[in-house]
Amino acid sequence: TMQFKAFQTNLGAELRRLREARRLSTVDLGNAIGKSHSAISRIETAQQEAPLSVLWAMCQELGTTIDNVVTIAAHEPSAQDMTPRERYRE
C-alpha cells in the first residue's frame, strides 16, 4: 500500500542517516553484516525490503534497536506530505 511504501522510505532514510552519522559507507556496513553494498543501498532507498535478520544486524551495527528505527520511521511525515524545503533539510 501507499502507506507502507512511505514507512519503508522513512525506514531506509533513518538507516542511512544513522550510517552516515557513524561515517560508514554502504561497503563498510555491508561488510560488517555480510551483505553487499548494493543490498544496503537498495534497503536505504526503499527499493528492497529488509528481512528482519538484516534489519536487526544493521541496527546492531549502527548502535540502535529495531524498535527505535521503526518508531522513528512510523512517525516521520511522508515525503509526499512535505514541502521541498522540509524534504531536503540538512
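Position 1 is the first residue of the sequence; numbering continues from there.
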S.K.: Taking the hydrophobic residues Ile, Leu, Val, Met, Phe, Trp and Tyr, and joining any pair whose side-chain heavy atoms are under 4.5 Å apart, which ones share a cluster with I43?
M.R.: F4, F7, L11, L15, L18, L24, L29, I33, I40, L52, V54, L55, W56, M58, L62, I66, V69, V70

S.K.: Give, for atom NZ of K5 and atom CD of E49, the distance between the pair rounded to the nearest 0.5 Å.
M.R.: 8.5 Å

S.K.: Scan residues 25-40 for pairs that pass side chain to side chain donor-acceptor pair (under 3.5 Å), counting only residues two or more places apart or in two chains.
M.R.: S25-D28, S36-S38, S38-R42

S.K.: Say you draw a straight line from CD of Q47 to OG of S41; how long is it, rounded to the nearest 0.5 Å?
M.R.: 6.5 Å

S.K.: Charged N to carboxylate O below 4.0 Å: is that the case for R19 and E61?
M.R.: no

